[in-house]
Amino acid sequence: NAQFDNINVAVFSWVPHSKMAAAATSSQAGYEPFKVIDDNTASLWCTQWEPPTPLPQSITLNLGGTYRISKLWYLPRQDSGTGSSNGIITSCKIYTSIDGNNWTQIASGNWTNDKTEKSIGFTPVNASYVKLEATAGYGGYASAAEININGVEVLSHSGMTAAATDYQAGYEPSKAIDDIAASFWRTSVNPIVPLSITLNLGSTYRISKLWYLPRQDGVGGDANGIITGFKIYTSFDGINWTQTASGNWANDKAEKSVEF
């Protein structure tokens with residue numbers, strides 16, 4: 001049999017600054033947080049220096065949607081002259097959130113004290129908000145000219161519907177898109193294979209990747225239905241289908257993906 005805990009589909013893209021908003025725990029007048037997403041390397045955000053606010057301080061990006069992100073890029077301030085190194089971040093922590101209230105630390109690291117662009121990679125994670133916390137910076141400040149996020153947009157489950165060729169009562173296809181890891185779709189006992197689940201995306205998208213989260217429960221038979229061999233098909237009308245990928249996944253509960 002087969003089952004899905006959660007399915008995500010990606011639209012390939014960098015997270016655009018035009019969709020973002022920025023806020024910070026501290027900023028100096030004239031050096032506001034939005035300047036890290038204005039696509040102008042001559043402008044910058046800097047923490048307050050009159051009077052100074054001690055580190056750690058953070059800047060938070062509202063991405064304007066949910067994205068599968070894997071890397072943050074940090075461009076230090078690019079101005080010159082007295083004080084132009086102030087706030088270059090040399091030690092940081094990265095946090096993500098779906099709702100802007102509950103945060104998970106996903107990375108930490110150290111950067112050199114110079115004006116070259118730096119980055120920090122991490123295990124891909126779904127996020128609607130990203131927080132860069134400066135735990136150390138030159139002169140005791142934090143600053144940035146630009147911050148960019150590398151990722152792919154994840155289609156919202158709220159616009160989708162799901163159907164399957166077979167399912168067990170209580171384990172309906174809709175549970176593969178309910179954003180609840182504890183619920184899941186599964187087929188009935190002794191079904192006729194092959195089996196499939198179909199997502200109506202609610203619109204037309206240019207897609208590049210599918211993620212599959214197996215069932216995450218821990219009861220008897222909790223490995224039943226973990227998909228190990230598959231094919232991916234796409235359609236414009238839900239009637240005519242084109243195979244876009246196939247492959248094999250390990251028989252475990254780790255999240256899996258396939259690109260096409």
Practice prompt. Working to the nearest 0.5 Å, report the span between NE2 of His17 and CG of Asp38.
Written response: 8.5 Å
Worksheet item: Distance-only, no hydrogens or angles: does the Thr25 side chain make a donor-acceptor pair with backbone N or O of Ser58 under 3.5 Å?
Response: yes
Worksheet item: Does the Ser235 side chain pair with the main chain of Asn240, one donor and one acceptor, at a distance under 3.5 Å?
Response: yes
Worksheet entry | Donor-acceptor under 3.5 Å (Lys71 side chain, Pro124 main chain) | no
Worksheet item: How many angstroms lie between atom CG of Asn200 and atom CE of Met160, to the nearest 0.5 angstrom?
Response: 9.5 Å
Item to complete: Calculate, to the nearest 0.5 Å, the distance between atoms OG1 and NZ belonging to Thr96 and Lys131 respectively.
Response: 10.5 Å
Discussion item. Donor-acceptor check, side chain of Tyr141 to backbone of Thr53, threshold 3.5 angstrom: yes or no?
Written reply: no
Worksheet entry | Ser43 side, atom OG; Arg77 side, atom CZ - distance, nearest 0.5 Å | 11.5 Å
Item to complete: Flag the pair Ile207 / Phe260 as yes when at least one side-chain heavy-atom distance between them is below 4.5 Å, and no otherwise.
Response: yes
Worksheet item: Strictly by modelled atom types, are Ser188 and Asp166 linked by a side-chain donor-acceptor pair under 3.5 Å?
Response: yes
Item to complete: Answer with yes or no whether the hydrophobic clustering places Leu132 together with Tyr95; edges join I, L, V, M, F, W, Y residues whose side-chain heavy atoms lie under 4.5 Å apart.
Response: no
Worksheet item: Is it true that Lys118 and Glu146 have a side-chain N and a carboxylate O under 4.0 angstrom from each other?
Response: no
Fill in: From Asn148 atom CG to Leu75 atom CG, the distance as rounded to the nearest 0.5 Å
8.5 Å
Worksheet item: For the side chain of Ser26 and the backbone of Gln48, is there at least one donor-acceptor N/O pair under 3.5 Å apart?
Response: yes
Worksheet item: Centre of Trp211's six-membered ring, under 6.0 Å away, within 45 degrees of the axis: is that where NZ or CZ of Lys256 sits?
Response: no
Discussion item. Check for me, please, whether Ile177 and Ile232 land in the same ILVMFWY cluster - side-chain distances under 4.5 Å, paths through other members count.
Written reply: yes
Discussion item. Given 3.5 Å as the limit, does a donor-acceptor pair link the side chain of Lys253 with the main chain of Ile226, or not?
Written reply: no
Worksheet item: With no hydrogens and no angle check, is any side-chain donor or acceptor of Ser143 less than 3.5 Å from a backbone partner on Cys46?
Response: no
Worksheet item: Thr234 and Thr242: side-chain donor and acceptor closer than 3.5 Å?
Response: no
Item to complete: For atom NZ of Lys19, decide whether the heavy atoms of other residues, nucleotides or ligands shown that lie under 6.0 angstrom number more than 12.
Response: yes
Practice prompt. Any chance you could measure Lys35, atom NZ, to Ile59, atom CD1, to the nearest 0.5 Å?
Written response: 12.0 Å
Worksheet item: So, does Ser246 use its side chain to make a donor-acceptor pair with the main chain of Phe230 at under 3.5 Å?
Response: no
Item to complete: Indicate if Phe122 and Tyr67 have the same hydrophobic cluster label, given that clusters are the connected sets of ILVMFWY residues with side-chain heavy-atom separations under 4.5 angstrom.
Response: yes
Worksheet item: Taking it one step at a time, do Ser27 and Trp45 satisfy side chain to side chain contact (heavy atoms under 4.5 Å, CB included)?
Response: CA-CA 7 Å; Ser27 62; Trp45 159 71; 3.8 Å; yes
Discussion item. In this structure, is the centre-to-centre distance between the rings of Tyr31 and Trp49 below 6.0 Å?
Written reply: yes
Item to complete: Check the side chains of Asn102 and Ser97 for a donor-acceptor pair under 3.5 angstrom, ignoring hydrogens and angles.
Response: no
Worksheet item: Any chain of hydrophobic side-chain contacts (each under 4.5 Å) joining Tyr129 to Val36?
Response: no
Practice prompt. Would you check, one step at a time, whether the test side chain to side chain contact (heavy atoms under 4.5 Å, CB included) holds for Ile94 with Ile120?
Written response: CA-CA 9 Å; Ile94 309 295; Ile120 185 168; 3.9 Å; yes
Item to complete: State, yes or no, whether a side-chain contact exists between Leu72 and Val130 at a heavy-atom distance under 4.5 Å.
Response: yes
Discussion item. Does either side chain, that of Thr66 or that of Asn126, offer a donor lying less than 3.5 Å from an acceptor on the other one?
Written reply: no
Worksheet entry | Sole candidate of Asn62, Leu61, Ile147, Ile149 that passes side chain to side chain contact (heavy atoms under 4.5 Å, CB included) when paired with Ile37 | Leu61
Discussion item. Could you see if Ile106 belongs to whatever hydrophobic cluster contains Trp103? Use Ile, Leu, Val, Met, Phe, Trp, Tyr and a side-chain cutoff under 4.5 Å.
Written reply: no
Worksheet item: For Leu55, does its backbone N or O pair with a side-chain atom of Gln57 as donor and acceptor, under 3.5 Å?
Response: no
Worksheet item: Can the ring centroids of Tyr167 and Trp185 be said to lie less than 6.0 angstrom from one another?
Response: no
Discussion item. Between Trp249 (side chain only) and Glu255 (backbone N and O only), is there a donor and an acceptor less than 3.5 Å apart?
Written reply: no
Practice prompt. Show the numbers, then the answer: is there a side chain to side chain donor-acceptor pair (under 3.5 Å) between Ser183 and Asp178?
Written response: CA-CA 8 Å; Ser183 70; Asp178 64 359; 2.4 Å; yes
